[in-house]
Amino acid sequence: MSGRSERFPGMAHLIPSSTVTRTAFALQTTPQVNEPELIARVLAGDRLAGRELYNAHAPRVFRLAYRLTGDAELAREFTQDTFVRAFQRLADFRGDAAFSTWIHRITVTVVANAMRKVRRLRERETDLNDLDTLHPVNSSTRRLDPDLRDRLAKAIDALPEIYRITLIMHDMEGYTHTEIADVLGVAEGTCKSRLSAARAQLRAALADFAKEYES
C-alpha cells in the first residue's frame, strides 16, 4: 500500500491494512457508537475518535470493496482511499443520511473510478465459494459447480457497471433496495429494475451452460 500513508501522514494511524482484513473476514457486527459525537471529536482533532469511527465502519467498507473487486489487496487499498477521502470531506457530512450510507457511497465511487483504470490490466479472480445462487447472503442451497462458478464470475464482470454494482450489493452483500438507493442516490424502483435487468443478463449469459448441465 505504498504511498497512501506517506501522502497523508496524519491518517496513517487510522488505516492499518492488517486490521481491515482481519476484522472484515471475521464478519464482525458494526458496534453501536455515538456517531455525531465521534464526528465532532474527529473534526476537533481527536485521533482516538477517528480510530473508533474507522473501526466501526472499516469491516463493512472492506467487504463491499472486496465484493466489487474480487481482490483482497485492491480492497484494502480502496478501503484506505475511502477513509482518506471520508476524513478529508468529513466537515461536509451534514447527517441527512446515515454515516454508513455516506461512506458506502464514497466506497462505491472510489472502487468504480479505480477499477475503470485497472480492469484492463488485471484478470479478476473472484472467490464465489460462499455463493450458491444469486440470492441474498446466508441463503442455504447447494454449492455451485466449479465450471459454473467460473462462468458466473465472468458473466458478473461483463455486466454494465450500474447493473453489476446493484447485483453485488443486493444479491451478494444483502443490502436492501432502500439502502442501495440511498448509497447510489437513485430511486428504489430504479434499483429494482437494475437488479432485474442484471439477473436477466446473467440468465442469458449462462443459458447455454444450463442446457449442457441439464443434458
Side-chain angles (χ1 to χ4, degrees), residues 24 27 29-30 32 35-36 39 56-70 74-75 78-79 81-83 85-86 89-90 92-117 119 124 126-128 130-141 144 148-149 151-210:
L27 299 180
T29 302
T30 300
Q32 295 299 315
E35 287 184 341
I39 291 169
H57 293 278
R60 192 77 191 271
V61 167
F62 176 87
R63 217 180 130 75
L64 176 58
Y66 177 72
R67 287 298 193 189
L68 292 172
T69 63
L74 283 178
F78 296 159
T79 298
D81 289 346
T82 294
F83 278 94
R85 185 174 301 186
R89 298 171 50 189
L90 193 57
D92 297 331
F93 176 67
R94 302 301 179 191
D96 298 331
F99 183 80
S100 59
T101 297
W102 185 72
I103 201 164
H104 293 170
R105 187 179 300 149
I106 294 174
T107 306
V108 170
T109 300
V110 165
V111 173
N113 290 341
M115 288 304 290
R116 291 189 190 107
K117 299 176 183 178
R119 185 170 291 276
R124 177 179 165 200
T126 305
D127 181 7
L128 294 175
D130 59 336
L131 296 176
D132 300 314
T133 57
L134 286 178
H135 293 296
V137 290
N138 298 324
S139 60
S140 54
T141 52
L144 286 177
L148 177 57
R149 194 165 58 239
R151 285 283 300 274
L152 178 58
K154 292 178 180 177
I156 292 173
D157 271 345
L159 290 172
E161 185 176 89
I162 58 173
Y163 294 162
R164 183 172 55 84
I165 290 174
T166 302
L167 180 91
I168 288 173
M169 292 184 73
H170 187 276
D171 283 356
M172 295 183 180
E173 279 302 295
Y175 286 78
T176 66
H177 285 296
T178 300
E179 290 171 332
I180 297 171
D182 287 342
V183 168
L184 300 183
V186 298
E188 191 171 331
T190 300
C191 291
K192 293 179 179 179
S193 65
R194 287 178 180 178
L195 181 62
S196 178
R199 288 172 172 171
Q201 289 190 26
L202 286 185
R203 282 195 295 270
L206 299 173
D208 61 328
F209 186 95

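Since this is a predicted model, take the numbers as computed values, not measurements. Sequence positions, counted from 1, serve as the residue numbers for this chain.
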Review point. How long is the gap from CE on M115 to CZ on R164, to the nearest 0.5 Å?
Key: 6.5 Å
Review point. L202 and A155: which non-hydrogen atoms are nearest, and at how many Å?
Key: CD2-CB, 3.5 Å
Check your understanding: Taking S196 for the side chain and K192 for the main chain, is one N or O donor matched with an acceptor at less than 3.5 Å?
Key -> no
Check your understanding: If you round to the nearest 0.5 Å, how far is CD of E173 from CD1 of I165?
Key -> 13.0 Å
Check your understanding: Are F83 and I103 close enough that some pair of their side-chain heavy atoms sits under 4.5 Å apart?
Key -> yes
Practice item. Look up atom CG in L74 and atom CG in L68, then write down how far apart they are to the nearest 0.5 Å. Key: 11.5 Å
Point to revise | Shortest non-hydrogen separation from M169 to L64 and the atoms involved | key: CG-CD1, 3.9 Å
**Study point:** Shortest non-hydrogen contact from R151 toward L206
**Key:** CB-CD2, 3.7 Å
Study note, to complete from the structure: Interatomic distance, CZ@F78 vs CG@N113, rounded to 0.5 Å, equals 9.5 Å
**Study point:** Distance-minimising heavy-atom pair for L184 and R194
**Key:** CD1-NH1, 4.1 Å
Check your understanding: Quick one: CG on D182 to NE2 on H104, what's the gap to the nearest 0.5 Å?
Key -> 12.0 Å
Study note, to complete from the structure: In this structure, CG of L152 is separated from CG of D157 (nearest 0.5 Å) by 10.0 Å
Study note, to complete from the structure: residues 177-203 vs ring-ring contact (aromatic ring centres under 6.0 Å, His included), sequence neighbours excluded, gives H170-H177
Review point. Taking only residues two or more places apart in sequence, or in another chain, which ones meet F99 in a ring pair (Phe, Tyr, Trp, His ring centres under 6.0 Å)?
Key: H57, F93, W102
Check your understanding: What's the shortest heavy-atom distance between I180 and C191, and which atoms?
Key -> CG2-SG, 3.6 Å
**Study point:** Side-chain heavy atoms of D171 within contact of L195, under 4.5 Å
**Key:** yes
**Study point:** Closest contact, heavy atoms only, L159 versus A198
**Key:** CD2-O, 3.9 Å
